[in-house]
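Residue numbers begin at 1 in each chain, while the letters A, B, ... track the order of the sequences.
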Protein chains: 2
Amino acid sequence: MDAALGLVGGGENFSSISLREVAKNAGVVPTSFYRHFTDMEELGLNVVDDLGLLLRKLMRNSRQSGAYAEALNRSSIEVYTDFVSEHKNYFYFMCQCRTGGTLALRSAIRNEFKYFASELATDIRALPLLNQVNSLDLDMMAQLMVETVFESTIDFLDQADTSPNFRQEFINLMVKKLRLIWLGAGEWRS
Amino acid sequence: MDAALGLVGGGENFSSISLREVAKNAGVVPTSFYRHFTDMEELGLNVVDDLGLLLRKLMRNSRQSGAYAEALNRSSIEVYTDFVSEHKNYFYFMCQCRTGGTLALRSAIRNEFKYFASELATDIRALPLLNQVNSLDLDMMAQLMVETVFESTIDFLDQADTSPNFRQEFINLMVKKLRLIWLGAGEWRS
DNA sequence: TCTTTGAGTCAACACTTGTACACTAATATG
DNA sequence: CATATTAGTGTACAAGTGTTGACTCAAAGA
């Protein structure tokens, strides 16, 4: 799995990586691949699971630090961008497969997002700002926030190394977008 | 190009489609491919150009019908979803390549988005609702709206055929998200 | 201690892939 | 009419692909 992620991080597309490449990158003979996975797709699904664990860990940490309570303010965006930088390969993989993977892979990732969004929804449910919002609309809002962040991740990955202050610009833009959504949420009447 | 798009629409990932497959699907011998493109990437870039033309056409139509003036209300979302349904292959391609293409392909698509968003920005600039918003923030808002719509396109493509009322549910959700953003925009003070 | 099992090796297969070269036929252009 | 150009054809090759089957060997469990 690390070998596959390495290739993805190196610029290859997961869907066009061959079993043999993975094996070679893992320092192992091609036939050994079958000892671990039947398929490249199965390998991909396992990576999605790992990614899910990673994201849950991130979420736990954010909750502890209290940043999460205000759900996606500046500091939580900073945490996120750092996290992405530390796990570039995983996020390249995720960005690629969310739209370009097998149908099974796509829906596996979709599910991770749903989980993430629903966790966010329960966390912000209690906020007094949102007491005019019903449960369905709350889900919609959480979904929009999560999507907004994830959607921009590929841009961050692509450009993070281009200029030293891109990270700050990116964070500023992200914060604005989320503030805009929060502003709308405050006015929302279900 | 149609042959390539056909393969994409059939579930294959553009980045793993071979030159030979395209040739076969076009009813032509592999070596003939080189008469038109040097590369699969070059073919891809040409498809992006075509897609750009398509999107501009869509935008023109929406403007004429007046729906666009209110920028992404229900009827313009309906127009968009119909448009996507009519050009599924193009949109599968776009969704795939925005995150999974070559770097050149990715940034070509990014540019189309930028163009689209900036057009939207100039269209909504005059709205009295937004007279407290400066130019930079307006761009950010237009960008968020465009992203929000495009980001969900893959979900629409994947699930449009699953249930007969998915289209309506999708439109409802989309309208809500955009309404949320508009609500925020109305409160925004740059 | 014997035996099962997990993870690796090697050789081989039929097939696909990108690309090169030499050739043909229709269609524009001078 | 002659000539260039454009889009197609067939053959060929070296490299890469997924998958098979039979083998080794260290570690874990009985």
Side-chain angles (χ1 to χ4, degrees), chain A residues 1-51 53 89-90 92-94 96-97 99-109, chain B residues 1-51 53 89-90 92-93 95-97 99-109:
Chain A
M1 285 160 71
D2 283 347
L5 283 170
L7 291 166
V8 167
E12 290 204 65
N13 189 309
F14 181 77
S15 76
S16 63
I17 294 175
S18 69
L19 175 157
R20 284 177 114 106
E21 271 182 290
V22 175
K24 187 192 286 180
N25 209 247
V28 141
V29 98
T31 42
S32 259
F33 181 94
Y34 297 105
R35 301 286 174 201
H36 305 270
F37 313 101
T38 65
D39 231 20
M40 278 299 287
E41 177 168 69
E42 199 188 281
L43 184 151
L45 290 170
N46 276 69
V47 173
V48 174
D49 287 348
D50 275 16
L51 183 65
L53 291 178
N89 294 358
Y90 273 101
Y92 266 118
F93 171 83
M94 187 200 64
Q96 278 182 13
C97 292
T99 51
T102 325
L103 213 136
L105 222 41
R106 285 205 294 271
S107 61
I109 292 178
Chain B
M1 286 159 70
D2 284 347
L5 283 170
L7 291 165
V8 168
E12 288 204 65
N13 189 309
F14 181 76
S15 75
S16 64
I17 293 175
S18 69
L19 175 158
R20 284 177 114 106
E21 270 181 292
V22 174
K24 187 192 286 181
N25 209 246
V28 140
V29 98
T31 43
S32 258
F33 181 93
Y34 296 106
R35 300 292 173 196
H36 305 270
F37 313 100
T38 65
D39 232 19
M40 278 300 286
E41 177 169 69
E42 200 188 278
L43 185 151
L45 290 170
N46 276 69
V47 173
V48 174
D49 287 347
D50 276 16
L51 183 65
L53 291 177
N89 294 358
Y90 273 100
Y92 266 118
F93 171 83
C95 290
Q96 277 182 12
C97 292
T99 49
T102 325
L103 212 137
L105 221 41
R106 284 204 294 270
S107 61
I109 291 178

> Round to a whole Å and report the spacing from CD1 of A:Ile17 to P of C:dT17.
18 Å
> By nearest atom, which of the nucleotides D:dG8, C:dG18, D:dT17 is closest to the B:Arg35 side chain?
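Closest nucleotide to the B:Arg35 side chain: D:dG8.
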> In the structure I gave you, are the side-chain heavy atoms of B:Glu21 and B:Glu12 within less than 4.5 Å of one another anywhere?
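With C-beta onward as the side chain, the pair touches.
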> Measure the CG-OH distance between A:Asp50 and A:Tyr90 for me, rounded to the nearest 0.5 Å.
4.0 Å
> If you measure from CD on A:Glu41 to CG on A:Asn46, what distance do you get to the nearest 0.5 Å?
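A:Glu41 atom CD to A:Asn46 atom CG measures 11.0 Å (nearest 0.5 Å).
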> Could you tell me the separation between the CG atom of B:Leu19 and the P atom of C:dT17, rounded to a whole number of Å?
9 Å
> Please state how far atom NZ in A:Lys24 lies from atom C1' in C:dG8, giving the value in whole angstrom units.
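Nearest whole value for this atom pair: 18 Å.
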> Contact class for A:Ser32 (heavy atom, under 4.0 Å): base, sugar-phosphate, or nothing?
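Since a base atom lies under 4.0 Å of A:Ser32, the category is base.
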> Given side chains that start at C-beta, do those of A:Leu19 and A:Tyr34 come closer than 4.5 Å, heavy atoms only?
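Yes, close enough: below the 4.5 Å cut-off.
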> To the nearest Å, give me how far apart CZ (B:Arg20) and C1' (D:dA14) are.
12 Å
> Are B:Phe14 and B:Leu105 close enough that some pair of their side-chain heavy atoms sits under 4.5 Å apart?
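They are in contact (side-chain heavy atoms under 4.5 Å apart), so the answer is yes.
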> Check DNA chain C against residues 36-46 of chain B and give the residues with a non-hydrogen atom under 4.0 Å, in numerical order.
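Nucleic-acid contacts, sorted: none.
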> Grab the OH-P distance between B:Tyr34 and C:dA20 for me, whole Å please.
6 Å
> Return the CG to CG distance between B:Leu7 and B:Asn13, rounded to the nearest 0.5 Å.
11.5 Å
> When we call it a touch if two heavy atoms are under 4.0 Å apart, what does A:Phe33 touch: a base, just sugar-phosphate, or nothing?
nothing
> What's the spacing between B:Leu5 CG and B:Leu51 CG if we round to 0.5 Å?
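Going from CG on B:Leu5 over to CG on B:Leu51, the span is 9.0 Å.
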> Let's see if you can work this out: which of D:dG8, C:dC10, D:dG10 has an atom nearest to the side-chain heavy atoms of B:Val28?
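In terms of side-chain proximity for B:Val28, the closest of D:dG8, C:dC10, D:dG10 is D:dG8.
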> Kindly point out which of C:dG18, D:dT17, C:dG8 is positioned nearest to the side chain of B:Ser18?
C:dG18
> Looking at the side chain of B:Thr31, which of D:dT19, C:dA20, D:dG8 is the nearest nucleotide?
C:dA20
